[in-house]
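Take a look at the structure set out below.
A, B, ... follow the sequence lines: proteins, then strands. Residue 1 opens every chain.
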Amino acid sequence: MIDTEISPANFVDKVNEIEREVGKVIVGQREIVRGILTGILAGGHVLLEGVPGLGKTMLVRTLGEVLDLQFSRIQFTPDLMPADITGTTLITEDGAGSKAFRFQPGPLFANLILADEVNRATPKTQSALLESMQERRVTVAKTTHVLPEPFFVLATQNPVEMEGTYPLPEAQLDRFFFKLNVTYPSTEELVEIALRTTSARPVLGMRVADAGTLQAMTYLARELPIARPVLDYAARLVLNTHPDREDSPRLIQRFVRFGASPRGMQSMVIAGKIRALLDGRYNVAFEDIRAVLHPSLRHRLNLNFEGEAEGVTADQLLEELLKATPES
Amino acid sequence: MRRVTIDQLPERQLAACVRAFSQAYRLRLAVRRGFQFLIVATIGDVVLLASIKLGPVAHSHLWLAAVPLALVPAAMLWAMLRIPESRLVALDADRTLGLRERLVTAIELRQERATGHFRDLQLADLLARVERVKPRQAFPIRLTRQEILLLAIPLAVLLSLIIGVQPQAQPAPEARKLQQVVKQEAERVNAIADAVEAEAVDESIASAAAKALRTAGEELERDPRSVEAALAALSAAQERLLGLQAQHAGDLEQAMARAAQALQQQAETSAAGSQLARGDVDAAAESLRELANKQNEMDQSRRGDIAKALKAAASSADAAAPALGRSLRDAAAALEANAPQVEAALKRAAGDLRQAGADAAMASRLDQAVAELESSKSNIEQSDPQTQSTGSTPARGEGEGEGQGRDTAPSSREGSRAAGELAADDTQPAGQGAGKGTLERTTDVFAPESLGARPELDASPEMDHPSVAPSDRAGGPMQNEALVDYREVLANYRDSATAATQDRYIPLDLRNVVRDYFSSLEPQR
């Protein structure tokens, strides 16, 4: 039953219900599912990084079905043009024979967008997508078209094929709420995947929520209180990602060119609220901030040449950051 | 803590919760602060006790150990009375009880007067969790291992200082006094070395003597605490000086005195003899030079008288100053033969006389230095509390010189007075002792009758040793505070007397009397 009235008491139930339905189709990847769902509930967009064939498209499609949201997939290629994703104006002829320009919406006009291998498209096409992610609207031929709500983009990057790609610039990466690393499934999960996908009966997820429910859940999550010491902790974590700070860990001072923006803190706070709510609590705790630190900030740290040469990862630096930053 | 009852209003419950947790917080803080101050106090007491045990700080400052310890209850009281910020209490409770910041959030929501349905839900969630909390059990007072180690280590050191390290045998003030005295004597010895070098005529002997003295001074400065080392260094310097002095035996002074007497027998040379007897060697040599200049005007009779005097003086000087004896004899022979080289011979004799005077002065200076070293040894011994506490019997005097006289045992006061009189009596005519015969050196205590010694200074027959005070006869400590132990003042009088013999025209032979007198008064070792 779809419920547009969400209380704190059944927020968790609703999320569990959604995850359960998704879990009928998608094997494993519980953290990815939770992360994507957090991104949706936060009104943000998520960047997935993982090898092909891990069910990213299936995941987004299933979410669309469970959440009763329109789903659209865009495969980014080097020859993809901005108009291919935003839409274009066409000359159409009506029944009376008169011709007029009509806007033909592109695949961007959906609730759930899967932007597959976004780093393969040219920067021009990337910016068309990223701009629409930020503005929630598209302007074509001087006419602005508002994108539907909710609007969620799940972009993917292939870490294997980096040749001939256009890595997203740091300013664009900052627009993503979360960056999630998709890991390869375990043996048991692979077996289960095979069983489900090679049988004669496809498994489908049931619709348990809709846009209204999601909006109510989003609003409820943002209402969750957060104490000042916890906010201070999140702020110190973000500030300590900058190498010019005295309190920054030694590794960050050595390997980071510049650190996270205030969007990183926004991401941590909202994600922390959602996590606390999902944990059955009515306030954000220090551990919530720590739990969402990696997905919130790993794509917002810009490594310098030495960091890249040494092969240091953002996750390693964030671990060091956690150790070096006390709660109070 | 009273259990927070469910029927109370949630706000009151929250307030009661915060109060209970605040009390627990203050108690834990008080214990922790007290422990930290205890660590600091223990370390401070270790430093203080070590300083007292090992020397620099006086034992009377032991009360200072109580000062840091007094800070412990003060710090605890302050921590108990001071009301902490509710946010700190809340964060502490959240951390201790695993509330995941529920309490601090609830307090902030109340302080900000926030609205919304989470406000009440959050508080209810909190109260449900703290309802059964008992603060005394929930907030145990625990100390970290590091804190315990920080106390255990200095405590162990403190106990070892109290039990293990024995205090030094002598109290700190006496030890300081001894060090002070040794350092003063070191300076004195160095000053003596400078004086010997400055007054020297024979540079080789003077530099050797100064080197020996400076070596002793360095030894004293190096270890001012050790009485034995100081006495050994001074004794070594004395031996070296006596060894140098052997080349210029005390006989030289007597020889000069006898030569002076011989010259005084004749009118022509009586002036030179008197000057020599006074110790004015330069004047005596100048008189001989004048004789040399005037010898052409003299008749043979006068020449013969002069030659006779010179021969007698030569005989007196032969043993101690052969060069002088030869030159005097040559001059006498030239006078008798009316040879043309009379003037040169007389002048040569004058030069040799000056040299002999310088040698005698060097011998006397070395003598004085030896006496001053003896005085330094005495001062150091007197400053040694062990010597004072054992109440060692004054030793029979062992002077560098010898004197003839009766065995006397002057009381400390009388002996000191005699020495003082001797030193202070500036009117005593020079040479009063001269002509009374050769003085033989003796180790017995005596007061020369020629100096007006009083009979009551004589020792009673049954006494073997000089008395310090009547009470000392029974071997007990001095009871009469009016009496002063003569050993305390002996060095001062001896120094004054020695200085007087150098600075004033005192007959050479009487200088030995002075020296022997004070040597005989030295405490027996």
Side-chain angles (χ1 to χ4, degrees), chain A residues 3-15 41-42 215-237 265 268-293 322 325-328, chain B residues 9-11 13-15 17-18 21-22 24-26 28-29 32 84-133 138-139 144 146:
Chain A
D3 187 1
T4 57
E5 294 291 328
I6 294 294
S7 66
N10 58 18
F11 181 95
V12 180
D13 295 334
K14 185 58 68 176
V15 170
L41 291 173
Q215 283 179 343
M217 290 171 75
T218 301
Y219 182 75
L220 185 70
R222 283 176 177 254
E223 269 202 322
L224 199 75
I226 178 169
R228 191 54 186 268
V230 182
L231 275 173
D232 288 344
Y233 179 55
R236 280 186 286 110
L237 282 170
M265 178 152 176
M268 283 202 296
V269 170
I270 297 173
K273 288 183 177 182
I274 293 171
R275 186 183 184 276
L277 212 47
L278 290 175
D279 199 32
R281 285 178 280 113
Y282 302 118
N283 60 273
V284 183
F286 290 122
E287 67 175 64
D288 296 323
I289 300 297
R290 284 194 293 270
V292 300
L293 177 80
L322 278 177
T325 307
E327 289 179 359
S328 56
Chain B
L9 292 174
E11 307 287 343
Q13 283 181 297
L14 177 63
C17 221
V18 173
F21 292 164
S22 176
Y25 179 86
R26 280 184 284 170
R28 287 196 303 168
L29 185 64
R32 175 158 264 115
E85 197 181 331
S86 58
R87 180 178 294 181
L88 291 177
V89 174
L91 284 172
D92 179 66
D94 283 332
R95 189 168 42 244
T96 306
L97 301 176
L99 295 176
R100 294 183 182 178
E101 287 67 64
R102 284 181 172 88
L103 182 56
V104 68
T105 306
I107 290 173
E108 278 195 11
L109 289 175
R110 260 109 215 113
Q111 286 174 346
E112 294 166 5
R113 298 179 188 280
T115 56
H117 45 268
F118 276 115
R119 182 175 182 272
D120 295 332
L121 280 173
Q122 200 273 332
L123 180 58
D125 179 40
L126 166 69
L127 294 177
R129 291 180 185 274
V130 301
E131 194 178 16
R132 297 181 190 281
V133 169
F139 296 98
T144 64
Q146 187 182 16

Using only the distance criterion (under 3.5 Å, no hydrogens considered), which donor-acceptor pairs connect chain A with chain B?
from	atom 1	to	atom 2	distance (Å)
A:Glu223	OE1	B:His117	NE2	3.3
A:Arg228	N	B:Glu108	OE1	2.8
A:Arg228	N	B:Glu108	OE2	2.8
A:Asp279	OD2	B:Arg100	NH1	2.4
A:Asn283	OD1	B:Gln122	NE2	3.1
A:Asn283	ND2	B:Arg100	O	2.9
A:Asn283	ND2	B:Glu101	O	3.3
A:Phe286	N	B:Glu101	OE1	2.8
A:Glu287	OE1	B:Arg100	NE	3.1

Specify the closest pair of heavy atoms between B:Ala138 and B:Leu97, including all atoms of both residues, with the distance to one decimal. CB-CD2, 3.4 Å
Which atom of A:Gly280 lies closest to which atom of A:Val12, heavy atoms considered: N-CG2, 4.3 Å
Between CD1 on residue A:Ile274 and CG on residue A:Leu224, distance to nearest 0.5 Å: 10.0 Å
Within the 4.5 Å heavy-atom criterion, are A:Val292 and A:Val269 side-chain neighbours or not? no
Rounded to the nearest 0.5 Å, what separates atom CG in B:Leu123 from atom CD1 in B:Ile107? 10.5 Å
How close do A:Leu220 and A:Phe11 get, counting heavy atoms only, and between which atoms? CD2-CD1, 3.8 Å
Side chain from CB out, backbone as N, CA, C, O: work out which of these in B:Leu109 comes under 4.5 Å of a heavy atom of chain A, or both, or neither. side chain
Under 4.5 Å from a heavy atom of chain A, the part of B:Leu91 involved: side chain
Sort A:Leu231 into side chain, backbone, both or neither according to what part of it lies under 4.5 angstrom from a heavy atom of chain B. neither
B:Leu103 and B:Ala93: which non-hydrogen atoms are nearest, and at how many Å? CD2-CB, 3.7 Å
